[in-house]
Amino acid sequence: MTGTRSAPALRPETYIQDAEREKDTEFVDLFREARADSRKGAEPGRRLLRARLNGGG
């Protein structure tokens with residue numbers, strides 16, 4: 001299972017780089033937006049985990 005944790009984080013960057021290389025600004029924008037949405041969606045989970053680890057809940 002080595003390396004599996006970082007692989008999903010690399011995919012959006014790889015897609016963005018590929019789209020930039022192809023000068024496809026529509027896909028660059030799409031992948032950047034998807035990356036930002038993914039990060040926003042992960043924040044509630046991080047807060048919950050932090051609270052649980054600190055004994056709150």
Side-chain angles (χ1 to χ4, degrees):
M1 203 150 147
T2 304
T4 57
R5 185 172 177 213
S6 63
L10 294 176
R11 280 190 213 123
E13 284 304 317
T14 301
Y15 297 152
I16 291 167
Q17 290 170 0
D18 288 346
E20 286 173 335
R21 198 170 19 260
E22 295 297 320
K23 299 185 182 355
D24 190 333
T25 57
E26 286 181 289
F27 271 114
V28 170
D29 293 343
L30 175 72
F31 291 131
R32 284 184 177 156
E33 187 175 329
R35 178 183 60 191
D37 289 346
S38 177
R39 288 178 179 166
K40 281 190 282 184
E43 187 54 36
R46 283 193 283 272
R47 284 194 303 267
L48 178 60
L49 180 58
R50 192 175 305 120
R52 294 272 175 98
L53 291 173
N54 290 328

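Below, all heavy atoms of this structure are taken into account, side chains as well, without hydrogens, waters or symmetry copies.
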Quick one, Ile16 and Glu20 - any side-chain contact, counting heavy atoms below 4.5 Å? yes
Using a strict 4.0 Å threshold on nitrogen-to-oxygen distance, state whether Glu43 and Arg46 make a salt bridge. yes
Of Leu48, Asn54, Leu53, which meets side chain to side chain contact (heavy atoms under 4.5 Å, CB included) against Arg50? Asn54
Would you say that more than 12 heavy atoms from the other residues, nucleotides or ligands in this model lie under 6.0 Å from the CD of Glu22, or not?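 No - once you tally the heavy atoms of other residues, nucleotides and ligands closer than 6.0 Å, there are 12 at most.
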